Amino acid sequence: MSGEWVIGIIGGSGLYQMDSIEDRQWIEVGSPWGKVSDEILCGRIGNVKVRFLPRHGRGHRIAPGEVDARANIDALKRAGCTDILAVSAVGSLNEELPPGRAVMVEQFIDHTKGRPASFFGSGLVAHVSMADPTCARLSQWCADAVEMAGSDVSVGATYIAIEGPQFSTRAESRLYRQWGADVIGMTAMPEARLAREAELPYALMTLVTDFDGWREDEEPVSVDQVVEQLQKNSDMARKTIEQFVRTLPEHRTPSPIDFALDDAVITAPDKHDKALLDRLDAVAGRLLTGG
Ligand SMILES: CSC[C@H]1O[C@H](OP(=O)(O)O)[C@H](O)[C@@H]1O
Ligand SMILES: Nc1ncnc2[nH]cnc12
């Protein structure tokens with residue numbers, strides 16, 4: 001069984017537009033989960049449908065802790081996405097990942113606080129596996145696309161998500177290195193968790209902008225430094241995304257992540273909360289309403 005790709009692209013800091021999208025139209029997609037960061041730019045790259053959403057909104061209006069990741073993921077699902085490639089600016093916690101490097105994330109440490117992190121809850125309890133939180137095939141194709149676009153890429157990284165919006169203290173930065181984190185950011189959690197609950201394979205391409213604060217003899221990260229590096233990184237990100245979409249296999253074969261909810265819901269059917277069920281029409285419609 002194979003189908004068509006509809007690629008959701010979540011643009012992070014510095015990536016608010018995608019000129020390579022043809023037949024383009026910004027479309028408002030509402031969500032019962034809250035306020036979507038912006039309209040979604042719908043169109044295609046080559047023959048592949050794409051849906052682009054700037055995570056912080058055009059003009060970078062939304063702070064990391066206020067991005068409504070549930071609304072964003074739900075809206076991308078409603079817009080027909082089959083898979084998500086997310087892009088994020090990150091600090092490096094690893095000497096071997098310098099500013100300018102593209103880094104594919106494989107694992108996460110979630111150090112955010114108090115953000116709504118699930119579509120499920122009382123009345124419809126579900127536990128999906130997050131053991132392997134990113135999609136291996138999308139990540140590999142994206143890494144290949146970075147190289148085809150002429151840049152260096154590192155794979156298999158661990159991303160720590162902090163609450164922010166402040167950058168970390170030097171002590172925190174050193175601690176996160178001890179925990180085994182390679183890169184640090186403020187947004188990919190709970191985004192990745194929610195993508196999994198919505199049965200959307202998710203890959204995260206990060207672009208290093210700074211060395212955070214752990215290098216004692218250097219100035220710590222600042223917004224000026226991040227913005228200067230973002231300008232250099234964003235062109236590479238756009239080229240990579242275009243290359244990635246253009247070199248996808250013609251037909252989409254199913255991923256196990258398409259069925260992530262199959263064994264996840266534990267609440268007995270006769271105890272399901274009707275209001276929650278209604279809000280889950282896009283995220284879990286396949287399973288709960290046969291949609
Ligand atoms: C502008 S530096 C901090 C900001 O950049 C990253 O955002 P994103 O992941 O959307 O690229 C980081 O997580 C912070 O939100
Ligand atoms: N050092 C850093 N910490 C958290 N988020 C970031 N985004 C870019 N650089 C960062």
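For the single chain, residues carry numbers from 1 onward in sequence order. Any value given below was found using the heavy atoms of this structure, including those in side chains, with hydrogens, waters and symmetry copies removed. This structure is a prediction, so every number in the text was calculated from the model and none was measured. Both counts, for ligands and for their atoms, begin at 1 and track the order of listing.
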Closest to atom 12 (C) of ligand 1 (heavy atoms only, candidates Q229, E191, M186, H56) is M186
Would you check the N or O atoms of H60, main chain and side chain alike, for any that come under 3.5 Å of an N or O of ligand 1?
no
Can you list the atoms of ligand 1 that are under 4.0 Å from a heavy atom of P64?
15 (O)
Can you confirm whether S37 sits close enough to H56 that some side-chain heavy atom of one is under 4.5 Å from a side-chain heavy atom of the other?
no
Does any N or O of ligand 2 fall below 3.5 Å from an N or O anywhere on G91, backbone included?
yes
Write out the residue and atom name of the closest protein heavy atom to atom 3 (C) of ligand 1, then the distance separating them to 0.1 Å.
F167 CE2, 4.2 Å
So if I count the atoms of ligand 2 from 1 in the order they appear, which ones are less than 4.0 Å from some heavy atom of A89?
7 (N), 8 (C)
Between the OH atom in Y202 and the SG atom in C81, the distance rounded to the nearest 0.5 Å is 13.0 Å
How far is atom 5 (N) of ligand 2 from the closest protein heavy atom, and which atom is that?
G185 CA, 3.5 Å
salt_bridge(D262, R286) N-O dist < 4.0 Å:
yes
In terms of side-chain heavy atoms, does R137 have a donor or acceptor partner in S255 at a distance below 3.5 Å?
no
Do N94 and S92 pair up side chain to side chain, a donor and an acceptor below 3.5 Å, judged on atom types alone?
no
Output the list of atoms in ligand 2 that are nearer than 4.0 Å to some heavy atom of D212, sorted by atom number.
1 (N), 2 (C), 3 (N)
Residue R55 vicinity, atoms of ligand 1 by number, heavy atom under 4.0 Å:
8 (P), 9 (O), 10 (O), 11 (O)
Could you identify the single nearest non-hydrogen protein atom to atom 2 (S) of ligand 1 and state the distance to 0.1 Å?
V226 CG1, 3.6 Å
Heavy-atom contacts with G185 under 4.0 Å: which atoms of ligand 1 show up? List them by number with element.
13 (O)
Starting from atom 6 (C) of ligand 2, locate the nearest protein heavy atom and write down its residue, its atom name and how far away it is, to 0.1 Å.
I184 O, 3.7 Å
Going by heavy atoms in the side chains, are D38 and Y16 under 4.5 Å from each other?
no
With a cut-off of 4.0 Å, which atoms of ligand 1 are near a heavy atom of S13?
1 (C), 4 (C), 5 (O), 6 (C), 7 (O), 8 (P), 10 (O), 11 (O)
Using distance alone, with no hydrogens and no angle criterion, decide if S139 and E106 have a side-chain donor and acceptor under 3.5 Å apart.
no
When you measure from atom 9 (N) of ligand 2 to every protein heavy atom, which one gives the shortest distance, and what is it?
D210 OD2, 2.7 Å
What protein heavy atom sits nearest atom 9 (O) of ligand 1, and how far off is it?
T187 OG1, 2.5 Å
Distance, nearest 0.5 Å, that separates CZ of F52 from CD1 of I45:
10.0 Å
Does the distance from a Lys or Arg side-chain N to an Asp or Glu carboxylate O, for R101 and E96, drop under 4.0 Å?
no
How long is the gap from CG on L280 to CG on D74, to the nearest 0.5 Å?
8.5 Å
Using 0.5 Å steps for rounding, measure from the CZ atom of R246 to the CG atom of N47.
9.0 Å
Quick one: look up the protein heavy atom nearest atom 8 (C) of ligand 2 and list residue, atom name and how far away it is.
T209 OG1, 3.4 Å
Give the atom numbers and elements of ligand 2 that come within less than 4.0 Å of a heavy atom of M186.
4 (C), 5 (N)
